[in-house]
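Below: one structure, written as structure tokens.
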2 protein chains.
Amino acid sequence: MGTPTRRDLLTMIGATAGSAAMYQAMTALGHAAPSTFSGPVSLEGDPGGASVLVLGAGVAGMTAALELRDAGYNVKILEYREKAGGRCWTLRGGDRYEELGGAVQNVGFAEGNYINPGPWRLPHDHHAVLHYCKRFGVQLEPFIEKNHNAYLHNTEAFGGKPQRYREVASDYRGHISELLAKSLKAGNLNDQVTAEDREVLLESLRNVGALNENYEYRSSLKTSRFRGYDRDPGAGVDGAPLPSTPLDPSQILNSNLWRRFAITEEMEFQTPMFQPVGGMDMIAQAFAREVGDLITYNARVTSLLQEDGQVRVVYEDTAAGNAQRTETADYCVCTIPFSILGQIEHNLSADLSKAIDNMYYLGSAKWGLEFKRRFWEQDEDIYGGISYTNLPIELISYPSTGFFSDGPAVVLGGYSWSPEETYEFNAMSPKERVRWAVEFGSQIHPQYKDEYKSGVSVVWHKVPWVLGCFGIWRDKDTDYQKAIKLDNRVICAGEHLSYRGAWLEGGILSGLNAIQTLHERVIQA
Amino acid sequence: MGTPTRRDLLTMIGATAGSAAMYQAMTALGHAAPSTFSGPVSLEGDPGGASVLVLGAGVAGMTAALELRDAGYNVKILEYREKAGGRCWTLRGGDRYEELGGAVQNVGFAEGNYINPGPWRLPHDHHAVLHYCKRFGVQLEPFIEKNHNAYLHNTEAFGGKPQRYREVASDYRGHISELLAKSLKAGNLNDQVTAEDREVLLESLRNVGALNENYEYRSSLKTSRFRGYDRDPGAGVDGAPLPSTPLDPSQILNSNLWRRFAITEEMEFQTPMFQPVGGMDMIAQAFAREVGDLITYNARVTSLLQEDGQVRVVYEDTAAGNAQRTETADYCVCTIPFSILGQIEHNLSADLSKAIDNMYYLGSAKWGLEFKRRFWEQDEDIYGGISYTNLPIELISYPSTGFFSDGPAVVLGGYSWSPEETYEFNAMSPKERVRWAVEFGSQIHPQYKDEYKSGVSVVWHKVPWVLGCFGIWRDKDTDYQKAIKLDNRVICAGEHLSYRGAWLEGGILSGLNAIQTLHERVIQA
């Protein structure tokens with residue numbers, strides 16, 4: 001054998017040195033697809049007129065189509081629905097939604113009000129989606145994820161009375177700071193902490209935990225600065241603030257309300273987050289403005305076969321009496337969720353077929369509830385953010401836009417994801433689901449019943465084009481690498497084929513990686 | 001003596017039962033001014049054509065004037081400056097600012113860019129200022145106070161390298177959770193925590209602190225979800241995330257960076273906060289639209305005397321060669337800062353004079369630095385929020401508006417308030433101050449020097465109309481109640497006469513309380 005090709009070299013490195021060396025070598029050779037987004041994709045080299053059929057006009061499919069066309073490919077997209085976006089979806093007044101089983105909801109929200117049944121917030125470090133938002137001029141505004149003044153609620157704790165996040169969090173922090181300080185002062189941790197560090201640690205606990213000079217967390221103006229006052233600081237003869245009384249530490253512990261503390265400390269939910277002005281599907285609409293001319297809508301794919309050096313897709317035109325039509329192409333980027341793809345005729349490889357069949361889709365239930373006025377702002381000083389509850393609605397998220405305005409507004413009235421909850425809600429009619437959400441929510445906001453105006457509910461297991469909320473791997477370590485490979489002439493993409501599952505970012509990154517893999521094959525062919 | 005009057009009754013209760021009973025009795029009689037804002041003020045009863053001269057067209061003075069006029073008073077306002085707002089002040093491109101000593105700055109910011117030298121953010125529970133914003137149609141947008149991705153910086157720690165907030169905070173929390181868990185498991189706190197609570201507490205520590213099964217905080221994908229990854233989750237063959245390594249706990253402790261954790265947990269800085277769209281003085285402009293017709297600008301008050309049953313104020317018209325003019329009125333609401341009032345001729349009571357003289361004003365230095373582009377967003381994923389440093393600039397606050405936009409933007413390049421720092425900056429020329437802020441800031445953002453465009457700096461001890469940032473009481477317990485009293489025909493108001501010192505809210509609440517006290521006297525007269 002003569003001079004080794006680049007591929008031979010990589011194979012040798014891979015075989016001898018393991019994947020870390022492999023990755024470094026590939027990076028050095030300009031070869032590895034970046035796992036995360038580091039800038040606009042660049043597909044160098046002439047594809048020679050190759051054609052690609054993209055299945056699905058969600059963000060993964062539209063990203064792939066957009067970049068492939070820019071690189072010189074002949075691209076077409078088939079989309080099941082009558083519009084683009086997939087789960088990047090917004091429901092507004094006047095919209096009609098028919099779920100599996102035929103139940104129809106006509107959304108009655110006032111002008112400008114909306115709910116995002118799918119993704120509803122953008123982390124600050126989801127670079128790919130932020131890149132396309134900027135490129136397409138999608139206007140973003142802060143999404144308020146954390147709100148110290150929202151509630152934590154457990155029907156079994158504090159007499160079922162919702163507690164303000166700031167009170168529970170401040171008191172928990174104070175309590176554990178006091179306990180650790182006690183332990184340090186008793187010398188219990190002298191084998192863990194040096195004498196010098198011990199003094200600094202004690203000082204930090206007093207500072208962070210709002211402890212007094214004796215390292216205790218007590219009712220005081222100091223602790224009230226964090227948890228809130230019984231009488232706020234003001235002016236006039238009674239301007240001086242009055243301290244509040246901390247909650248009982250044992251009650252806090254046994255309330256389980258602390259289970260919600262960690263969420264906003266996770267990267268993906270850290271402050272600040274963003275949302276598109278006007279609804280999440282502003283992103284879908286922006287993509288569709290770019291690639292809308294490539295999309296055939298109302299196309300229900302029934303067969304995906306590779307034969308005779310091409311990909312052949314059969315679909316039904318649901319807008320034309322399910323007339324059967326066929327598209328062929330050199331390659332296919334398939335973003336059809338595995339929940340659907342597994343039910344379509346295909347001749348994909350055994351490995352990929354197994355990955356498809358192994359994946360199941362999480363269900364979730366979401367509600368948009370419109371109220372006559374923003375009572376959460378006007379009565380309770382809650383501007384955006386999320387209240388959590390142990391009730392089956394799990395949470396109430398207040399709108400992060402239109403603050404201080406009069407007139408009706410829409411809250412996310414629930415976001416349930418546990419199997420027990422979603423199975424129950426799946427079994428209900430939309431009307432019944434909304435009734436329950438109002439019933440549950442009124443335990444947190446008594447104003448619910450008087451102020452309720454209209455509602456809509458989406459259970460994802462009944463969303464016809466995906467039959468679930470997002471894909472779950474039974475065995476990602478085994479199946480993932482097999483599922484993302486180019487399978488002869490077909491490559492799959494979507495949030496389910498990423499490590500950012502359930503996020504728009506995962507869909508876009510997966511779409512970009514799929515076309516880079518595909519393009520490499522085309523250029524080398 | 002006959003039937004006791006209401007005032008007699010209150011005096012008796014006060015003398016015998018102390019202030020708590022006094023407050024309750026006053027409230028029951030509908031008498032006490034609310035210490036915090038609970039709705040629009042209502043001044044019942046006819047003032048019979050009484051005239052009030054308001055000194056100062058800041059928010060305290062304009063609030064007082066607005067509500068007094070609505071209640072039927074004849075109101076005039078004298079204002080030192082050529083415009084309204086006082087410390088509620090925004091500097092924009094084209095503005096000229098001359099500080100004490102004569103140094104002039106011509107602000108060179110691009111269209112739309114601004115800096116607020118005074119108040120710059122509104123807490124969610126400052127009801128009075130939010131009320132007037134809503135009433136006047138001042139548009140508010142979220143102010144990002146907390147940003148997990150901003151920096152904590154100490155020149156003496158971590159080799160002077162700025163650390164991401166999320167890393168320091170996650171690691172500190174993990175470390176103290178692990179220590180407390182160790183102590184609990186060793187039984188050291190059995191006298192403090194019951195056996196049942198101990199188990200729940202351990203579980204909560206694992207949850208909140210991101211501890212592993214052995215209650216340890218270690219490099220892992222779990223801890224990386226909070227502190228960040230070495231390689232982010234993505235897609236493609238290298239889509240799997242790689243964990244990061246926690247910082248050394250001893251280094252964190254000795255870095256003192258934990259001193260910044262508590263800030264955003266305090267009520268006044270909790271998420272969400274707000275700011276007026278376009279600059280803080282949108283509030284001032286809104287007030288001025290309401291009461292502008294009452295204001296005489298360029299009026300430097302030189303004398304405030306009460307005599308012959310009236311208030312007599314002498315001022316110089318600085319727009320007319322300091323021509324001396326006089327205004328008289330039945331009453332006066334004086335919002336002139338005590339730092340200035342103490343230098344003006346007056347015949348106020350001994351008690352009030354003492355309070356005036358006892359108050360001193362904190363200095364502070366603030367910078368607005370304009371850069372050619374938002375490198376903090378584009379290079380560092382920092383969208384709003386605040387980085388803290390031990391350098392004399394104390395902090396850098398990134399703009400909470402115009403996210404993702406191209407073109408120049410303005411950061412708050414520093415906010416120093418310690419005496420040592422402000423005295424040094426006071427002594428410098430504006431140009432020199434700006435040069436230092438750029439120098440210091442470049443230790444956190446190396447892009448500073450290349451991207452710097454223009455800057456402005458305000459040191460509050462040199463602001464002619466207030467000579468300080470906000471008032472500090474030497475002995476609030478003694479002086480406050482004396483200072484807020486109606487002093488014959490004069491009553492003082494402003495942020496300095498509240499328990500919300502340094503906030504707009506304090507100024508408005510104080511203004512409202514002053515006119516309620518005044519009105520009661522007028523009605524009873």
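Below, all heavy atoms of this structure are taken into account, side chains as well, without hydrogens, waters or symmetry copies. Residue numbers begin at 1 in each chain, while the letters A, B, ... track the order of the sequences.
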Point to revise | Nearest heavy-atom neighbours spanning B:L189 and A:L179 | key: CD2-O, 3.8 Å

Revision key, fill the gap. Rounded to the nearest 0.5 angstrom, the CG-CH2 distance for A:L201 and B:W258 is 9.0 Å

Point to revise | Among the listed options B:R173, B:E141, B:K485, the residue most often paired with chain A at heavy-atom distances under 4.5 Å | key: B:R173

Check your understanding: Given the options A:I484, A:D381, A:L497, which has more heavy-atom pairs under 4.5 Å with chain B than any of the others?
Key -> A:D381

Review point. If we only count heavy atoms from C-beta on, is the A:T194 to B:S250 side-chain gap below 4.5 Å?
Key: no

Review point. Looking at residues at least two apart in the chain, or sitting in another chain, which of them share a side chain to side chain contact (heavy atoms under 4.5 Å, CB included) with A:T264?
Key: A:E145, A:K146, A:Y165

Practice item. Go through the atoms of B:I176 and report whether side chain, backbone, both or neither lie under 4.5 Å from a heavy atom of chain A. Key: both

Exercise for review: Against chain A, label B:I144 side chain, backbone, both or neither, depending on which of its atoms sit under 4.5 Å from a heavy atom there.
Suggested key: side chain

Check your understanding: Side chain, backbone, both or neither: which part of A:R259 has a non-hydrogen atom closer than 4.5 Å to chain B?
Key -> both

Check your understanding: For the residue pair B:M267 and A:F226, what are the closest heavy atoms and their distance?
Key -> CG-O, 4.0 Å

**Study point:** Under 4.5 Å from a heavy atom of chain B, the part of A:T401 involved
**Key:** neither

Review point. What option among A:K476, A:E495, A:H127, A:E505 has the most heavy-atom pairs under 4.5 Å with chain B?
Key: A:H127

**Study point:** Shortest non-hydrogen contact between A:L509 and B:P233, atoms and distance
**Key:** CD1-O, 4.5 Å

Point to revise | Under 4.5 Å from any heavy atom of chain A - which part of B:F269 | key: neither

Review point. Do B:V208 and A:E265 come close enough that some side-chain heavy atom pair is under 4.5 Å?
Key: no

Check your understanding: Between CD of A:E266 and NZ of B:K222, what distance do you get to the nearest 0.5 Å?
Key -> 10.0 Å

Review point. Do other residues, nucleotides or ligands put more than 12 heavy atoms under 6.0 Å from the CD atom of A:Q139?
Key: no

Study note, to complete from the structure: When the 4.5 angstrom heavy-atom criterion is applied to B:S224 and chain A, the contacting part is backbone

Review point. Which residue out of A:N149, A:T271, A:I252, A:I382 racks up the most heavy-atom pairs below 4.5 Å with chain B?
Key: A:T271

**Study point:** Residue part contacting chain B, namely of A:S400, when any heavy atom lies under 4.5 Å
**Key:** neither

**Study point:** Option that, when pairs with chain B are counted at under 4.5 Å, heavy atom only, ranks first among A:N256, A:L512, A:D406
**Key:** A:D406

Check your understanding: Run the side-chain contact (heavy atoms from CB on, under 4.5 Å) check on B:F261 and A:N207 step by step: do they pass?
Key -> CA-CA 9 Å; B:F261 293 164; A:N207 186 301; over 6 Å; no

**Study point:** Partner residues of A:W503 under the side-chain hydrogen bond (donor to acceptor under 3.5 Å, both in side chains) criterion, sequence neighbours left out
**Key:** A:E268

**Study point:** Atom pair OG/NZ of B:S183 and A:K182 - distance to nearest 0.5 Å
**Key:** 12.0 Å

**Study point:** A:L180 versus chain B, the contacting section by heavy-atom distance below 4.5 Å
**Key:** both

Exercise for review: Taking the side chain as every heavy atom from C-beta outward, state whether A:L253 and B:E196 have any pair of such atoms under 4.5 Å apart.
Suggested key: no

Exercise for review: For the pair B:H124 and A:F403, evaluate side-chain contact (heavy atoms from CB on, under 4.5 Å) and give the outcome as yes or no after the intermediate values.
Suggested key: CA-CA 11 Å; B:H124 74 279; A:F403 296 116; over 6 Å; no

Review point. Quick check: does any side chain N or O of B:R500 sit under 3.5 Å from a backbone N or O of A:A235, one acting as donor and the other as acceptor?
Key: no

Point to revise | Most contacts with chain A, counted as non-hydrogen pairs under 4.5 angstrom, among B:P272, B:A150, B:A262 | key: B:P272

Revision key, fill the gap. In this structure, CG of A:D197 is separated from NE2 of B:H175 (nearest 0.5 Å) by 7.0 Å

Exercise for review: Find the one option among A:L205, A:V193, A:I263, A:I508 whose heavy-atom pairs under 4.5 Å with chain B are most numerous.
Suggested key: A:L205

Review point. If you count heavy-atom pairs under 4.5 Å between each of B:S498, B:S204, B:S510, B:G501 and chain A, which one has the most?
Key: B:S204

Exercise for review: Tell me, for A:L140 versus chain B, whether the close heavy atoms (under 4.5 Å) come from the side chain, the backbone, both or neither.
Suggested key: side chain

Practice item. Evaluate the side-chain contact (heavy atoms from CB on, under 4.5 Å) criterion for residues B:V237 and A:T517: first the C-alpha distance (whole Å), next the side-chain angles of each, then the deciding distance (0.1 Å), finally the verdict. Key: CA-CA 10 Å; B:V237 289; A:T517 303; over 6 Å; no

Exercise for review: Go through B:E377, B:R227, B:K134 and name the one with the most non-hydrogen pairs under 4.5 angstrom from chain A.
Suggested key: B:K134

**Study point:** Contacting region of B:E178 [heavy-atom separation from chain A under 4.5 Å]
**Key:** neither

Revision key, fill the gap. Turns out that what part of B:Q270 lies under 4.5 Å from chain A's heavy atoms comes down to both

**Study point:** Neighbour count >12 (heavy atoms, 6.0 Å) for atom CZ, B:R225
**Key:** no

Check your understanding: If every non-hydrogen atom of B:P241 is compared with every non-hydrogen atom of A:Y499, which pair is closest and at what distance?
Key -> CD-CD2, 3.6 Å

Point to revise | CA sep, side-chain torsions, deciding dist, call: B:Y383, A:L130, side-chain contact (heavy atoms from CB on, under 4.5 Å) | key: CA-CA 12 Å; B:Y383 301 92; A:L130 295 178; 4.2 Å; yes

Exercise for review: Please flag which part of A:Q481 lies under 4.5 Å from any non-hydrogen atom of chain B: side chain, backbone, both or neither.
Suggested key: side chain

